[in-house]
Amino acid sequence: MPVLLLADGSRPSLPAGVSIAEALRAVAPKVEAVAVKVNGQMRDLAWVPPADAEIEPVRKETPEGLDILRHSLSHIMAAAVVRLFPGTKLAIGPAIENGFYYDFDLEHKLTPEDLDRIEAEMTRIVKERAPFQRMELPRAEALRRLDAEGQSYKVELIEGLQDETISFYRSGDFMDLCRGPHLATTADAGAFKLLSVAGAYWRGDEKNPMLQRVYGAGFWTRQALDEHLRWLEEARARDHRHLGKQHALFHLNDLVGPGLVLWMPKGAIIRTELESWIRAELRKLGYQGVYTPHIGRLGLFRTSGHYPYYRESQYPPLIDRECLAKLADENCGCAELSNRLEAGEVEGYLLKPMNCPLHIQIYKAAQRSYRDLPIRLAEFGTVYRYEGSGELNGMVRVRGFTQDDAHLFCAPEQLEGEVEACVALVQSMFRTLGLTQVQMRVSLRDPASDKYVGSAENWARAEQNLRHVVRKLGLDYVEAPGEAAFYGPKIDFIVRDALNRQWQLGTVQVDYNLPERFGLEYIGADNAPHRPVMVHRAPLGSLERFVGILIEHYGAAFPLWLSPEQVRVLPIGEAQTEYAARVTEQLKDAGLRVHLQASNEKIGAKIRQATLDKVPYMAIVGAKEAEKGAVSVRHRKDGDQGVMPVEDFAARMRREIAEKT
RNA sequence: GCUAGAGUAGCUCAAUGGUAGAGCAGCGGUUUUGUAAACCGCAGGUUGUGGGUCCGAUUCCCACCUCUAGCUCCA
């Protein structure tokens, strides 16, 4: 008889020869299963298990259970679309985080109004309570059927499968190629909402036709769905583009150019505070600050590999004036110019896409001894990358940005220690900023790709170094082939913000290749030249992206040390203006960023404004406070903090600033 | 870059093939205020840019620019 493996360790037997659904009803009616797992393989509830099967229920509320719901929802949506738009070709329709999508190929361009119609049709399908029925066809038969129906994408999918038997699922009048499992019937489909429609390439390849992808959210209960929709709204309200405008933190302007950020005074304060803090930390760790220009000769970037390997994601080179005149004399066309640039016959300058080639030149500017190593060169270096127009997004995806960059040059035997220290630095910085959910990813080379420089040995060595470090530190990490930098593998830090969204921020990279390409050396204890290893690292990544994320993480309510305006002095009436000005001066002298709000509004209005402006503290001064040399302190979130002497208030704020809380 | 959508006052948003409107913000005045919005007034626009259709375009058409969602990319 089949055996049921329950979470509590019990193993009840199931009646033989009946479906799982029936068996569960009889033996374990409390188990809310949506499918079962047998030897790691998922099966529907309608499946009739063999006598020796060991069956593990897949509960509704588990991630796997939710995936099944969402996957079935994508089928129901496809059924609705096919009903409304006959002749629609189906591509793929998987479950994703919080929902599902399905890719369609149809003439009609789907609009938001269509989403409402599709949703209504889905509701109808749910009410039809059609069971999801699995059926299996021999491969040839399956291909014949789909080909006859003109489902060319499905044909392509089957052609990619090895299986001789192909499974389909039917629900009502709709049938789709599918591995399963599915809900028992469409009536179990929980709560859903279609959210958006957007283009998506077939199989994610830009050479393929673009399909229309409809996204939906799906949950077991209306309540869970509503909660998710509320969360989406909260995320929208915290959008850094919106808050950045509202709080005058940064500005993007057509005349300046897309993806080029103007930091407004208040945003600049946040950035300056971050930079000062980082500089102080780096000083303690033996880094040296350097400055390098924004452009450098093309040859420099040919040597580094940036120009040949990433030409299309850079601003085009600035061509030497003399060279340009000569090319004009020769009537050189654009295509010809492009060829000559590639051949290295035309010289010019490149807006730097990375700082490393310039830092390397600083290393090379002197003869280095093993006694000098490691040399750690740090710079808030501004780099330029020509991101595709569709990729730009506020501050978090831009074309000009400043990295909190540094390059460490060390002897091979020092390497792992340096990487370790870098990892520790990144972790401590995130901790300070309240970003506690950090995941590490070891990003490796994709051996099949030709976008990397250097020898296989160098790569193997570097990848081993990184694995040693993460294992030694006992850190949780995932490996990601194909995510490496073009010169070396890296450890990336993926952070979840206050809204549980993921961002790739800091990075620590090991590089044997650029030292080789640039012929870097140091003289060892044996009086012979040796090749150093480089570490590239940027804890925050880019200040633009990082501040953009911080805006959303804090919802513009920055901790005191980062707040552009730390305290606002609010006089009750005109009689206190003079005292309020004195308090303002006193707080300014205590090193605080303070403003006096002496307008003739009522105190309630001033408090409201300061609260909306997310100013951490308000110092309210009326007749009573003026008499005692005190202020009535109010916090933007915690409200009234009581009356205290101005010095006490300043000390309290200074303490809070020092603690960076 | 690709697909779809959008662009109206500093911000958020209305409206229309026939002189473009509100709230907030701004400015001026009245009010002198005790912990999340006092009152009155004024000003603010080549409706993204350039072309076209039309007696007339902000509205319709075309091109371009920028933005949004997603795809692709992300050294």
Side-chain angles (χ1 to χ4, degrees), chain A residues 101 103 109-112 114 195-215 236 239 241-242 245-246 248 251-259 301 304-307 309-314 352-357 383 385-394 396-399 403 443 451-453 483-488 490 504 507 509 511 514 536 538 541-542 545 570-577 598-613 618-625 632-636 639-643:
Chain A
Y101 68 78
D103 287 347
K109 305 290 182 205
L110 293 171
T111 64
D114 290 328
L195 296 176
S196 63
V197 53
Y201 299 110
W202 166 236
R203 300 203 140 163
D205 189 331
E206 56 188 325
K207 290 182 211 72
N208 286 337
M210 185 160 274
L211 311 170
Q212 300 190 66
R213 175 174 296 178
V214 178
Y215 283 92
R236 255 194 297 279
D239 190 318
R241 292 167 298 192
H242 179 73
K245 209 176 260 180
Q246 196 180 332
H251 181 60
L252 291 160
N253 180 298
D254 226 14
L255 287 172
V256 177
F301 297 101
S304 68
H306 290 94
Y307 186 65
Y309 282 83
Y310 286 92
R311 196 176 318 122
E312 58 307 325
S313 53
Q314 293 162 359
K352 62 177 171 181
M354 286 186 87
N355 300 303
C356 32
V383 299
R385 301 179 187 178
Y386 197 83
E387 302 288 352
S389 60
E391 275 110 56
L392 301 174
N393 179 288
V396 300
R397 197 76 195 276
V398 293
R399 285 184 176 161
Q403 298 176 310
S443 297
K451 67 172 188 176
Y452 305 98
V453 299
E483 296 289 333
F486 80 89
Y487 46 73
K490 52 185 183 159
Q504 191 204 306
T507 180
Q509 315 174 346
D511 178 11
L514 293 185
H536 310 234
S542 116
R545 172 176 291 181
L570 311 179
I572 299 279
E574 214 165 58
Q576 289 85 44
T577 311
S599 64
N600 63 355
E601 286 145 311
K602 289 169 72 166
I603 192 65
K606 293 180 194 175
I607 287 171
R608 177 169 189 274
Q609 197 51 54
T611 310
L612 292 176
D613 289 346
M618 288 158 253
I620 297 163
V621 294
K624 283 179 282 179
E625 288 79 13
S632 171
V633 175
R634 186 183 166 94
H635 185 263
R636 67 182 165 205
D640 199 344
Q641 305 289 296
V643 176

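Here the structure is a predicted model, which means the values were calculated and not measured. A, B, ... follow the sequence lines: proteins, then strands. Residue 1 opens every chain.
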Worksheet item: Taking atom P in both B:C60 and B:G7, what distance in whole Å separates the two?
Response: 10 Å
Worksheet entry | Base-pairing mate for B:C67 - Watson-Crick or G-U, with both contacts under 3.5 Å | B:G5
Discussion item. What is the distance, to the nearest angstrom, from the CG atom on A:L110 to the P atom on B:G5?
Written reply: 11 Å
Fill in: Pairwise P distance for B:G29 and B:U12, with rounding to whole Å
30 Å
Worksheet item: Which value, rounded to the nearest 0.5 Å, describes the distance between A:I603 atom CD1 and A:I620 atom CD1?
Response: 5.0 Å
Fill in: Base-pairing assignment for B:U12 (Watson-Crick or G-U wobble, both under 3.5 Å)
B:A22
Discussion item. Using the C1' atom as the point on both nucleotides, what is the distance between B:G34 and B:G41, in whole Å?
Written reply: 29 Å
Discussion item. To the nearest 0.5 Å, what is the distance between CE on A:M618 and CZ on A:R636?
Written reply: 9.0 Å
Practice prompt. Could you tell me whether A:F486 and A:Y452 have their ring centroids closer than 6.0 angstrom?
Written response: no
Worksheet item: A:Y101 OH to B:U3 C1': how many Å, rounded?
Response: 15 Å
Worksheet item: Counting only Watson-Crick or G-U wobble pairs whose two distances fall under 3.5 Å, which nucleotide matches B:U35?
Response: none
Fill in: C1' spacing across the pair B:U59 / B:G18, given as an integer number of angstrom
12 Å
Worksheet, complete the sentence: Across every strand shown, the nucleotide meeting Watson-Crick or G-U wobble geometry with B:C73 (both distances under 3.5 Å) is none
Item to complete: Please determine, by modelled atom types, if A:Q509 and A:Y487 share a side-chain donor-acceptor pair under 3.5 angstrom.
Response: yes
Discussion item. Using whole Å, what does the distance between atom C1' of nucleotide B:U49 and atom CG of A:D254 come to?
Written reply: 10 Å
Practice prompt. Measure from the side-chain N and O atoms of A:K606 to the backbone N and O of A:P571, and report whether any donor-acceptor pair falls under 3.5 Å.
Written response: yes
Practice prompt. Please round to the nearest 0.5 Å and tell me the distance separating atom OG of A:S443 and atom CD of A:Q504.
Written response: 6.5 Å
Worksheet entry | Pair A:R634-A:D640, salt bridge (Lys or Arg N to Asp or Glu O under 4.0 Å): steps then yes or no | CA-CA 4 Å; A:R634 186 183 166 94; A:D640 199 344; over 6 Å; no
Item to complete: Scan every strand shown for a Watson-Crick or G-U wobble partner of B:G41, both distances under 3.5 Å, and answer none if you come up empty.
Response: B:C27
Worksheet item: To the nearest Å, how far apart are A:D613 CG and B:C24 P?
Response: 17 Å
Practice prompt. Spell out, as yes or no, whether a donor-acceptor pair under 3.5 Å connects the side chain of A:Q641 to the backbone of A:G639.
Written response: yes
Discussion item. Just verifying a value: how many Å separate A:L392 CG and A:L252 CG, rounded to the nearest 0.5 Å?
Written reply: 9.0 Å
Worksheet entry | Integer angstrom distance from the C1' of B:C71 to that of B:C62 | 27 Å
Worksheet item: Going by atom types alone, do A:Y201 and A:R203 pair a side-chain donor with an acceptor below 3.5 Å?
Response: no
Worksheet item: Given the C1' atoms of B:A57 and B:G23, what is the spacing between them in whole Å?
Response: 28 Å
Item to complete: If B:C60 has a Watson-Crick or G-U wobble mate with both distances under 3.5 Å, name it; if not, just say none.
Response: B:G52
Worksheet item: In whole angstroms, how far is the C1' atom of B:U68 from the NE2 atom of A:H242?
Response: 15 Å
Practice prompt. Could you work out the separation of B:A9 and B:C13 based on their C1' atoms and round it to a whole Å?
Written response: 11 Å
Item to complete: Would you give a per-nucleotide map of nucleotides 33-39 of chain B, 5' to 3', where B means the base has a protein non-hydrogen atom under 4.0 Å away, S means only the sugar-phosphate does, and - means neither?
Response: BBBBBS-
Discussion item. At under 4.0 Å between heavy atoms, how does the protein contact nucleotides 69-75 of chain B? Give one character per nucleotide, 5' to 3', with B, S or -.
Written reply: BBBBBBB
Discussion item. Work out how far the C1' atom of B:U3 is from that of B:G21, and round it to whole angstrom.
Written reply: 35 Å
Worksheet item: Roughly, in whole Å, what's the span from CG in A:L195 to C1' in B:G5?
Response: 16 Å
Practice prompt. Would you tell me whether A:N355 and A:Q403 have side-chain atoms, one donor and one acceptor, within less than 3.5 Å of each other?
Written response: yes
Practice prompt. Quickly work out the A:N208 CG to B:U3 P distance and round it to whole Å.
Written response: 14 Å
